[in-house]
Structure formats: structure tokens, C-alpha cells
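Order of the sequence lines fixes the chain letters, A, B, ..., with proteins taken first and strands second; residue numbering starts at 1 for each chain.
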Amino acid sequence: MKLSWLDTTLAVLVKDLRTEARARSAVGSVLLFSVVTLTAVSYSLGGFAIDADIQASMLWIVLLFAALAGLSRGFVSETESGTVLALRLAAPPTSVYLGKFLFNLFLLGVLDLILIPLFQILLPVASANWGLLMIGLVLGSIGLAASTTLIAAIVAQAGVKGTLFTVLAFPVLVPVLVAGIGATRKAFASEPVAAAMPEIQLLVSYAGVMLAASLLLFDHVWKD
Amino acid sequence: MNDYTVVLIAVLAIWVGIFAYIMMLDRKVSRLEKELKR
Amino acid sequence: MRSALKWLLGVATAAFIVAAFTWAPEMYRPNFATGGSDPWPTFRIVFFHVPAAWLCVIAFLVSMIWSIKVLRGYAPEKDDKAMASAQLGQVFAILALISGMLWAWRDWGALWNWDPRQSSVLILTLIYAGYFTLRSSIDDPEKRARLAGVYSILAFITVPFLIFVVPRVMHTLHPSPVIPDAQEKGSMNTDMRVVLYSGVFCYLGLFAWVMSIRTRIEAVRRRLSTR
Amino acid sequence: MINVKVDNLTRSFGERLVLDDVNVELHPGDRLVVKGHNGSGKSTFVRILAGLLRPSSGTVLIEYDGKPLDEAERRIRVGYLSPDLVIYEHLTVAENLDFFARVRGLPRGDALGATIRRVGLEGREDDLVGTLSTGLRQRAKLAFSTQAEPDLLLLDEPSANLDGAGRALIEEATVTVAERGGIVVLASNDPLEFALGTREIVLA
């Protein structure tokens, strides 16, 4: 009996990716939401020449709320369909959290891949330190996925619909938002990576702390 | 005494009100607890 | 003996209020036009604003500690304490926000000046709002205590980020207000700090007292419902 | 071998007392039928045995070779089937069983074929579970529950939506577990299923 946590985690991830490929509920809502929000934002700002600070904030606000539109699907779809019972019977809790965490990370990856080019078309940035932008997005996404996955589990267990997920998630994500905007602002101003060290340190420590805390707390959310 | 005495009096009055209200709550709960013990 | 303590708290807080208005030395702020400095009476609100902000965080810490105890082993009394301290934390947060806005309005004409500490209190208020919304959406007492407890622990972990790290990063986002940030406690002399800390103690006494009443009310309510 | 000991088990939901001081001891080979009208706590009792629900008071001890089951062991040694058990409708039968085998750390590949054949779903393994009839879906769920050849099989109204052949599968699963020295607990109101039991308790 080989029970390596990596294998069980990947099993959960593969299962979610396969279900998502067929049902397309999470990716759909995330992409749709981001396109809609971005269009609305660019309509309201398109005409004016806006500086790097505003663009950085816009990017992260659209990213955050598009993410919040889809990141709870991972758990909510399990409780709504009732498969959470089978999952609880068969899978180790840590692998469930990590599998869903990686699935949310995948969602954010897809979101970034769609959003950044679209953003560059609608609200073009003259020049930027693309490397620093990537670092900010990747680290930010890890932090985002870490805490939203646990909050999604809480909301799913509470069996509650609607906006509670966003209400609970937003205040917890403020540090990522602030640091993300800070790093992106410096990226759009083509500053070197070293200049954004405070932001990067915040993003890294936030992601680490939240991932560790979520792993410890998840058992209490998952088991009745 | 500077010219903020009016504000001072007001804040003191508010505090006395709060204190009285909390003391009343405290007494009411103690009475309830005694009654439940019987 | 207990009630003597309460009366002592009452008198001490009254003394603190009087001291904040009279005994505490006058604060000055530089006047760029004249190069000198002129008195800053509205600064005295700091004695009410800062302790409230402190208590808002302390109450959240107490709520988190009781939430950890709930996760270790559920008992209704533990959950009552977690909820009661969160409720008081929300009250102190609102108090801090109001006093902060009052001060900002008097001094800078704007109700909100995006001072990083001020916005972290706002975020705390949002967290409390989320916490209570979550609590009200779950019926089973044990499940409610457990899930709300987990959220309060996760949310509290962001508080150090909000208070220590975000202000440093946030300063780069906004030019700090023209007048040097006199709110920094560092610029207060010892007499002022004595008054400030006595304020914190009075608030702490009030917090402990109201919390004990709150939890006793919950205990009575539970005994009534099961008689 | 596996042993189950239930002492003074009570469970209430808010004010409603569902299980009141249930005591039973089960030994290898036992097949216990749990009788009782709807709402008498049959399902609650089985859910507590499955570790899905904590007792309000009293103890439930499941031991294997004298050692209480830990979390990981419970996922393999205990099989659970109930009306509210649901498997993934967007996945095929084979994909479902492969996923559950993987998270349980069970051997995959041809072992899945045996499980599928045991519940008579050969030829349907590549159909999406969502497209199966309720009867075939119940068989797929039975496959999930018996996939790890559990020592303790918990069945809550297993024959719901099953035809004659389906009921035979339930009986076969029950007999197989018992002969292997396992224990079966079957909660049911269906007189046909009462015959499967060697012992019974009635919940008021």
C-alpha cells in the first residue's frame, strides 16, 4: 500500500482538472468575470493617459476580484454535488487541501495568462520590467491561493451561498493586494527587481505563513 | 484649564452614563444567576 | 471585593479623562509659515484614539486564543468568550475609526487621510464583519464555533502584516501627510506617555469587565434554554 | 481481526435526541441488521461508525488486531454505502474508481477491473457516472465502498433502486466480508434485507 502524500495530492489535482475540463465551471466564471471587469475598467479609463500607479492598482483589483469569482468553486462544487462525503471517506485531508490549492494556483495561472495580454491591449503600458511583474504575479498568486483555498473550504462547510466568500476573503488578502500593487508599480516603472525587495519579502512571508497556517487549520474545517 | 472644558464635561458625562449602564447590567445578570441557582 | 474593583475602574477612567484634557502637557507642531510651532489642542484625542486601536487588536488576539482553545476541545463557554471578545474588538475598532476620523477632519479637513494604521483598523473592522456574518450563517453551535474559530485564527495572522509590514510598503504608495506624523508615539514625552498607558489600562479594565458580563449572560441564556 | 464496541452511545442534534444509550459489541463474522422506523437514528448510527459524525456522548471503539483504527486505516478498512453518498458524475466509472484507489493508496490498473466485474459493470466502465441509471449508479457506489475489500462494511439502505441482480450483489458483498472475518452493519427497513443479518438491534 503506497500512500505518498504527493501521489494523493496529485490525484486530487488531476481529478479536479479533469472535472473542470468537462464542466468548466471555475475557469469559466474566472475568465468571464475578468474580461467583463477589465472591459468596464478600460472603458472608464481608456480615454485618459493614466500613469503606472493607477494601472498597477487596476491590474491587481481586476485580478483579485476575478480570482474571488472562481476560487471557491473547488470546494463549493464538492459540497453542492455531495461528493464531499466520498472524498472525506477516501482521501487524507492534507492532500485534499494541497490538491485544491494547486488547482486554485492553476486557475490563477490561466487568469494571468489571459489578463496580462488583454490588459496590455486595452490599457497599454509603455515599458516595464516584465521579470519583476512575473515575480509579483507568481508570488501574489501563491499567497492568494493559500488563504482563499482554506476560506473556500470554510464557506463550503458552512453551506452558505453568495458573496460570503468574497466578504471573508478580501480583508485577509489586503497584504497581498498592497504588496502586489507595490511590486507591479515598480515593474511598470521599469525599476530593478532589487528596488521591490520590501514587497517581495512581504509576498514571500505572507505566502509561507498562510500556507503553513492553512495546512494546520484545514483538518478542523474538513472533519465534522 | 484650557477652553476645552465643555468637551471635557461632555466626555465625563458620557463616561458616567456608560459606567452606570454597565453596572446596572452587571447587577441584573448577578440577580439572574442567583435566581437560577435556586 | 469585586465591586470595589469596578468602582476603582470607574474613578480611574474619570481621572484619566480629566488628565488627558488638563494634566497632560500641550503638544506642539511645527508651523512652516512662521518657522516656530503653535499649540495643537486637538492632539489630545490621541489619548482616546490610540488605546482604542490597541484594544481592537488585543481583543482580536483574545478571541483568537479562545478560538484555538475551541479547536483543541469544544465547550460552549470557550466559544462564548471567543465571540464576546470579538464583539468588544469590533466596538473598539469602531471607536478607533470614529476618533481617528474626528481628528483627521479637525486637522486636515478630510475625514480619511489614509494613514496606514488607520486603514489597518478599517481592515480589522471588515474582518470582524466577516467573522460575524460567518457565525450567523451556521446553526449548529459546535460547527459554528469551529469554523468561525478557524477564520478568526487565519484572519488574525494577517494583523501583524497589516500593522508592521503594510504601513512600510504603503508609505511608498502615498506621500505622507505634510505635517510630520506627530501621531508617532515616539514624539511624545514621558508625561504624555504616562497618560496614554493609563488610558490603555482603563480600556483593558473595561474590556475585561464587559467581557465577563457578556459571557455570564450567554451562560444564563444557555441554562434557561435547557431547563 | 476486527472488533467493534459501542458503549452508551447517544447523539442529539440541538434539542432532538436521536440515539439514546445504544450498546452493542460486534465480533468477526457478525452481520448486524439495524432496524427502526424512519428517523429512529439508523443512518446516524451508521454514520458514527463510519467516523463521519462524532457521538454526543458514549464511545465507539473499532479495533483491528487489538489496535484502535487510525485515520489512514479507517479509509481502507471501513467501507460505507448510503443514499447520500455521491461519486463524481463528470468522471467515468473507471476514472472514479481510479481516483479513489489512488487517494486510498490502493493498487490500480487491473485491480480496478476486478472491482468493476464484482459489481457487474463490465462494459460500462467508460460511461460517465452521470449518464448511468440510478440502479447502475448504486452499483458503482457499491464498487467505491468495497474497493478496498474492507473489514467493516457499513450499508445504509443499500438495496434502494436495485433490481434482483443488484440485490444479489449486496448479498454477495455481505457474505464475502463476513466470511473473510469482517463485520457488516446493515441499516434497513426492507424485510428482504433482514434475512442478510445474523444479529439485529432495533432503534426506538
Side-chain angles (χ1 to χ4, degrees), chain A residues 1-28 73-103 156-157 159 215 218-224, chain D residues 11 13 43-44 46-55 70-92 94-108 111 128-131 137 140-141 143-145 147-150 152 154 156:
Chain A
M1 183 185 74
K2 179 176 63 57
L3 192 64
S4 86
W5 66 269
L6 183 62
D7 193 39
T8 47
T9 302
L10 290 179
V12 172
L13 175 62
V14 163
K15 186 267 294 180
D16 273 4
L17 290 174
R18 197 175 274 155
T19 319
E20 187 52 35
R22 297 189 182 141
R24 269 187 302 285
S25 63
V27 173
R73 289 306 314 159
F75 275 107
V76 169
S77 59
E78 299 268 3
T79 41
E80 268 166 11
S81 64
T83 49
V84 66
L85 191 60
L87 198 54
R88 185 172 296 147
L89 285 167
T94 311
S95 310
V96 172
Y97 173 80
L98 286 174
K100 299 284 182 183
F101 165 73
L102 293 174
F103 177 66
Q157 285 297 99
L215 280 169
F218 184 73
D219 276 20
H220 293 286
V221 175
W222 187 242
K223 280 206 276 297
D224 260 348
Chain D
R11 171 76 201 199
F13 292 99
S43 298
T44 309
V46 175
R47 286 173 77 93
I48 290 175
L49 284 178
L52 293 170
L53 212 57
R54 258 195 292 264
D70 65 26
E71 284 299 319
E73 277 180 323
R74 186 191 283 268
R75 280 194 283 275
I76 296 165
R77 300 217 183 282
V78 177
Y80 175 80
L81 176 64
S82 79
D84 53 5
L85 180 73
V86 173
I87 55 178
Y88 295 97
E89 297 193 349
H90 297 295
L91 300 181
T92 67
E95 283 166 347
N96 263 289
L97 292 177
D98 181 64
F99 165 65
F100 287 119
R102 211 172 156 194
V103 284
R104 280 173 162 154
L106 297 173
R108 295 153 66 198
L128 292 179
V129 165
T131 60
R137 202 175 300 188
K141 282 160 60 173
F144 162 79
S145 312
Q147 175 180 36
E149 291 172 0
L152 172 61
L154 306 169
D156 187 354

Report the C-alpha separation of Glu89(D) and Thr19(A) in whole Å, then their side-chain angles, then the decisive distance to 0.1 Å, and conclude whether the side-chain contact (heavy atoms from CB on, under 4.5 Å) test is met. CA-CA 9 Å; Glu89(D) 297 193 349; Thr19(A) 319; over 6 Å; no

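Of the residues considered (Glu95(D), Glu71(D), Arg54(D), Arg74(D)), Glu95(D) shows the highest number of contacts with chain A, using heavy-atom pairs under 4.5 Å.
Here Phe99(D) pairs with Tyr88(D) under the ring pair (Phe, Tyr, Trp, His ring centres under 6.0 Å) rule; sequence neighbours left out.
Scanning both residues, Lys15(A) and Leu91(D), for their nearest heavy atoms gives CG-CD1, 3.6 Å. Among all heavy-atom pairs drawn from Arg22(A) and His90(D), the shortest one is NH1-O, 2.6 Å.
Lys223(A) NZ to Leu52(D) CG: the interatomic distance, rounded to the nearest 0.5 Å, is 11.5 Å.
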Contacts table for residues 82-96 of chain A: side-chain donor-acceptor under 3.5 angstrom, sequence neighbours left out:
residue, atom, partner, partner atom, Å
Thr83(A), OG1, Glu78(A), O, 3.3
Thr83(A), OG1, Glu78(A), OE1, 2.8
Thr83(A), OG1, Ser81(A), OG, 2.9
Arg88(A), NE, Trp222(A), O, 3.0
Arg88(A), NH2, Gln157(A), OE1, 3.3
Arg88(A), NH2, Trp222(A), O, 3.2
Ser95(A), OG, Thr8(A), OG1, 2.7

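Residue Ser145(D) does not touch chain A at all, counting heavy-atom pairs closer than 4.5 Å.
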